[in-house]
Protein chains: 2
Amino acid sequence: MDIENLVKRKNLKLTTARMEILEKLLHASRPLCYDELKNGISMDKATFYRNITKFEDKMIVNSFESNDKKRYFELNQPLHAHFICVICDKIECIKEPLDFNLKGYSIENIILKGKCKKCNQI
Amino acid sequence: MDIENLVKRKNLKLTTARMEILEKLLHASRPLCYDELKNGISMDKATFYRNITKFEDKMIVNSFESNDKKRYFELNQPLHAHFICVICDKIECIKEPLDFNLKGYSIENIILKGKCKKCNQI
DNA sequence: AACTTTAATGCAACTTAGTCGCATTAAATA
DNA sequence: TATTTAATGCGACTAAGTTGCATTAAAGTT
């Protein structure tokens, strides 16, 4: 994926701050929370949140709240569910396609909470 | 539903604060956020949150974050999904049973985000 | 390459959600 | 009624997220 084009296609200016955020998300194997994402990127938090908001508006990034009450961010990808374990707080991306027959709605984000495979056995 | 028994069955003391929170949730037709739920109940916010945490631990209440970044609370009910519209921020309880074949997981909470029927037409 | 426009940034101050320790009070039980 | 233990209120705190404003940097234009 080409971050430079991704940003420009949405009529956003290509700044180092934005590059850094998106690079980090691109190379992450799972959604990242504020600390994880912001860490190492020297940028004011106001700028960070303004950029995140822009990214979300432009559908480049999406976010959701996890069990630890933190927001987690990821690059927008083909629709897939996130499973959040209420015991161990782990976030998993679910690859199996889930079938909702909700006519008229368009679904952009799916969050399932419960007990993951491991914690369910205990 | 009998709130008094609900609380006592979980080995929680029956206080007026708790009664008030649960009464309000019981009579609400949709999940409520902090302002809505706390409003009119004279109770310190520390107490409020401590009770909410207890209720969640004991599976009396569950909560999720909506699009406005606020947490919404509701009495625990038979599993059903919540649809949150990213345009109009409305929260709907979805009655249609949704079928997941996620073996090994136990699902306690389903949140779908996207465009609701109305906003999808625009 | 300098110039202009407009968007992005940093800073500081602020709001709101949520938490924690501690002394006090009220609920359940004996 | 006395005792135990959990629940409460208060105050102080942390962390997320927002806003206004002056400054700076990107992109487009001569």
Side-chain angles (χ1 to χ4, degrees), chain A residues 2-25 31-58 60-74 86 89 91, chain B residues 2-25 31-58 60-74 86 89 91:
Chain A
D2 183 351
I3 286 176
E4 204 168 319
N5 285 327
L6 185 63
V7 171
K8 294 205 168 175
R9 250 186 292 138
K10 304 285 184 172
N11 293 315
L12 295 177
K13 286 186 183 175
L14 188 69
T15 66
T16 43
R18 288 176 177 169
M19 287 291 279
E20 285 184 285
I21 293 176
L22 294 176
E23 279 292 348
K24 208 155 179 180
L25 286 176
L32 301 175
C33 67
Y34 174 80
D35 311 307
E36 295 170 322
L37 183 50
K38 175 78 172 54
N39 187 292
I41 301 183
S42 80
M43 177 194 332
D44 192 75
K45 69 176 169 164
T47 305
F48 175 85
Y49 282 111
R50 276 187 285 232
N51 278 327
I52 285 290
T53 305
K54 274 262 157 72
F55 291 158
E56 292 202 272
D57 290 348
K58 302 278 187 177
I60 296 173
V61 163
N62 75 70
S63 74
F64 56 90
E65 187 193 55
S66 184
N67 213 40
D68 55 11
K69 301 194 182 72
K70 290 182 184 169
R71 248 169 99 204
Y72 282 76
F73 307 96
E74 71 170 358
V86 296
D89 279 1
I91 300 173
Chain B
D2 184 351
I3 287 175
E4 204 169 320
N5 284 326
L6 184 65
V7 172
K8 293 202 168 175
R9 250 187 292 139
K10 304 286 183 169
N11 294 317
L12 295 177
K13 286 187 182 173
L14 188 68
T15 66
T16 43
R18 287 176 178 171
M19 287 290 277
E20 286 184 286
I21 293 176
L22 294 176
E23 279 291 346
K24 207 154 178 180
L25 286 176
L32 301 176
C33 67
Y34 173 80
D35 311 306
E36 296 170 323
L37 184 50
K38 176 78 172 52
N39 187 292
I41 301 182
S42 80
M43 178 194 331
D44 192 75
K45 70 175 172 168
T47 306
F48 175 85
Y49 282 111
R50 276 187 285 232
N51 278 327
I52 286 290
T53 305
K54 274 261 158 73
F55 291 156
E56 293 202 273
D57 289 349
K58 301 281 187 176
I60 296 173
V61 164
N62 76 69
S63 74
F64 56 90
E65 187 192 57
S66 184
N67 214 39
D68 55 10
K69 300 192 183 73
K70 291 182 183 169
R71 246 169 100 206
Y72 282 76
F73 307 96
E74 69 168 0
V86 296
D89 278 1
I91 301 172

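Here the structure is a predicted model, which means the values were calculated and not measured. Throughout, protein chains are lettered first and strands after them, A, B, ... in sequence-line order, and every chain is numbered starting at 1.
When all heavy atoms are compared, the tightest approach of A/Val61 to A/Phe73 is CG1-CB, 4.3 Å. Smallest separation of non-hydrogen atoms from B/Leu14 and B/Met19: CD1-SD, 3.5 Å. Residues B/Glu74 and B/Pro31 approach most closely at OE1-CG, 3.8 Å, considering heavy atoms. Counting all heavy atoms, side chain and backbone alike, B/Asp89 lies closest to B/Ser66 at O-OG, 4.3 Å.
Looking only at distances, no side-chain donor or acceptor of B/Lys45 sits under 3.5 Å from a matching main-chain atom of B/Lys38.
Checked for salt-bridge contact, B/Glu36 and B/Lys70 miss the test: no charged N lies under 4.0 Å from a carboxylate O.
Taken from CG in B/Asn11 to NZ in B/Lys54, the straight-line distance is 11.0 Å, to the nearest 0.5 Å. In this structure, the separation between CG on B/Asp57 and CD1 on B/Ile52 is 11.0 Å, given to the nearest 0.5 Å. Once rounded to the nearest 0.5 Å, the distance linking CG of A/Leu25 with CZ of A/Phe55 reads 8.5 Å.
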Pick out the pairs of N or O atoms, protein on one side and nucleotides 27-30 of chain C on the other, that lie under 3.5 Å.
unit_1	atom_1	unit_2	atom_2	d
C/dA27	N3	B/Lys13	NZ	3.4
C/dA28	OP1	B/Leu14	N	3.0

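The salt bridge (charged side-chain N to carboxylate O under 4.0 Å, His left out) test with A/Glu56 singles out one residue from A/Arg71, A/Arg50, A/Lys10, and that residue is A/Arg71.
Along DNA chain D, read 5' to 3', the first and last nucleotides having any atom under 4.0 Å from a heavy atom of chain A are D/dA16 to D/dA27.
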Nucleotides 13-21 of chain C: protein proximity per nucleotide (B base, S sugar-phosphate only, - neither; heavy atom, under 4.0 Å):
----BBBBB
